[in-house]
Amino acid sequence: MIGAGSWGTALAALLCGKRERVTLWCRELEIAESVNTQHRNALYVSELELPQNLVADTDLARVAATHRVLVMVVPTQFTRAVVEAMRPHLRDDAVLVSASKGIEVQKIETLAEIYDEMLPEAMAQRACFLSGPSFAREVIRGLPAAVAIACRDAAVLPAIQELFFFPHFRTYRTDDVVGVELGGALKNVIAIAAGICDGLQYGHSARAALLTRGLAEIARLGIAMGGKAETFAGLSGMGDLLLTATSTQSRNYTVGHRLGSGETLEQIQAGAREVAEGVKTADAAYRLAQQKGVEMPIVGAVYAILYEQRNAREVVLELLSREMKPEVTG
Ligand SMILES: NC(=O)C1=CN([C@@H]2O[C@H](COP(=O)(O)OP(=O)(O)OC[C@H]3O[C@@H](n4cnc5c(N)ncnc54)[C@H](O)[C@@H]3O)[C@@H](O)[C@H]2O)C=CC1
Ligand SMILES: O=C(CO)COP(=O)(O)O
C-alpha cells in the first residue's frame, strides 16, 4: 500500500484479511513506528486498531522493488512525484491499483493520464482504478460497502477484483476507467457545493436539485472525455456523490459547509492534516471544462467561491438566474 493516510490504512487493513502480510509504505516515520509497535496509525484513524499482519516500511524503493501489486493511495497532487520516485524500482510485471480520487492541477491530468505518461505502455494499460462510496473509518470497522474497480486490461481485472472482494466490501468490475475516475474525482467538487448549500441553510430541496444537476455536469464532462454514460449512475458516480455530498463525515462536504457558514478557505485549511481533494480538483475541473468546451455551472460556482473570493450567496443567486432550458442529464 503506497500511502498511509486514512484510506491507505483502511485498504491495507482490509487486504490483511486475505494476505499473510501487507506492507504499508509511510512517508512519516512516526506512522511506521506506531503501526509496527502498537498496531495503530499515530496520525490518521488513530483510534482504530489495525491487524497484526500489517507491516509498515518507510523505504519506497524497497517496497516498489519487492511487491507485484502496488495500491496507490497518496493524494492526487503528490502522485506524480511518488510515481517518479518508484519508477526505477518497479518490477516489469507490477500492477498498480489507484485508489485516489482527483485531477492533477499541474498538468490538468487524471491519474490514468499520469500513468500513461510515466509508465511503460503495458503497465499503464493494466493499471486498475478503485472508486466508490467508502469512508475509511467505516471500512476499518468492517461495515458493509460496495465499490467499482476499472481496468482496460481484461486479463488482469478479475484477479484484482477478487483481491478486493469480501462479503462486507463488494467490488464490481468495469472496463470504463475514464468514467470511474472522473466520477470519483468530480463528486468531491459537487460535495463542496452541497456543503456550501447546507452552510447557507438553503434546505433539502435545494440540495437535492444541486446534486442532480451536479451529477449531470459530472456525466457531461465524463462523456466528453470518453466515459460511458451508465457509469455515472453507478457506485463510482451517483453512489459516491450520494455519500460524500450528504455526510458530515466527508471532508469535502465539511469544507463546503464551513465556506457556506462564512469561513474563508485559508481559515479552513490552516492546520488541516487531512486532504479534501475537491479543493484542488475544482481548479483542475474548471480548466478542463473550459478546454473541452463543456458547460459546468456548479463547478464554476465552486471555483469562483474558492479561487476568486466571490461571496457564496451572490454566486448562488447567479446560478439561480440562469436561463430556462430543457432537462438534459448528461
Ligand atoms: N479517507 C477516505 O475515506 C477516502 C479517501 N479516498 C482518497 O484517497 C486518497 C488519499 O486520501 P486519504 O488517505 O484520506 O488522505 P489523508 O488526508 O488521510 O492523508 C494524507 C496523506 O497524504 C500524504 N502526504 C502528505 N504530503 C505528501 C507529500 N508531499 N507527498 C506524498 N504524500 C504526502 C500523507 O503522508 C498521508 O498519507 C485521496 O485521493 C482521497 O480522495 C478515497 C476513498 C475514501
Ligand atoms: O471519497 C470518499 C468517500 O467515498 C471520502 O470523501 P471525503 O474525502 O470527502 O471525506
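All residue numbers in this chain count up from 1 along the given sequence. What you see is a predicted model, and the numbers here were worked out from it, not measured in a lab. Numbering of ligands and ligand atoms starts at 1, following listing order.
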- Query: With a 4.0 Å cut-off on heavy atoms, is G132 touching ligand 2?
  - Reply: yes
- Message: Contact between ligand 1 and R251 is defined here as a heavy atom of the residue under 4.0 Å from a ligand atom; is it met?
- Response: yes
- Message: Can you tell me if G102 contacts ligand 1 (heavy atom of the residue under 4.0 Å from the ligand)?
- Response: no
- Out of K101, R137, R27, R273, whose heavy atom sits nearest atom 33 (C) of ligand 1? R27
- Task: Determine, considering heavy atoms only, which of G132, A4, S100 sits nearest to atom 9 (C) of ligand 1.
- Result: S100
At under 4.0 Å between heavy atoms, is it the side chain or the backbone of [X] that contacts ligand 2, or both, or neither?
{"X": "N252", "value": "both"}
{"X": "L243", "value": "side chain"}
{"X": "S250", "value": "both"}
{"X": "K101", "value": "side chain"}
{"X": "R137", "value": "neither"}

- Does the side chain of I190 come within less than 4.5 Å of I298's, by heavy atoms? yes
- Message: Within this structure, what is the CD1-CD distance for the pair I103 and E113, rounded to the nearest 0.5 Å?
- Response: 8.5 Å
- Task: To the nearest 0.5 angstrom, please state how far the CE atom of M123 sits from the CE atom of M118.
- Result: 12.0 Å
- Over 60° means perpendicular and under 30° means parallel, so classify the ring planes of Y115 and F129, tilted if in between. tilted
- Query: Between Y253 and H257, what is the ring plane arrangement, given parallel below 30°, perpendicular above 60°, and tilted in between?
  - Reply: tilted
- Closest contact, heavy atoms only, V63 versus L70: O-CD2, 4.0 Å
Identify the protein heavy atom lying closest to [atom], giving its residue, its atom name and the separation to 0.1 Å.
{"atom": "atom 8 (O) of ligand 2", "result": "R251 NH2, 2.8 Å"}
{"atom": "atom 2 (C) of ligand 2", "result": "K187 NZ, 3.4 Å"}
{"atom": "atom 20 (C) of ligand 1", "result": "Y44 OH, 3.6 Å"}
{"atom": "atom 4 (O) of ligand 2", "result": "D240 OD1, 2.7 Å"}
{"atom": "atom 3 (C) of ligand 2", "result": "S134 O, 3.4 Å"}

- Item | side chain to side chain donor-acceptor pair (under 3.5 Å) between T244 and N252, intermediate numbers included | CA-CA 7 Å; T244 316; N252 288 287; over 6 Å; no
- Query: Against heavy atoms of V275, which atoms of ligand 1 measure under 4.0 Å?
  - Reply: 11 (O), 15 (O), 17 (O)
- Flag, side chain of E181 to backbone of A112, donor-acceptor distance under 3.5 Å: yes
- Paired with K101, the side-chain hydrogen bond (donor to acceptor under 3.5 Å, both in side chains) test is passed by just one of T76, N188, D240, namely D240
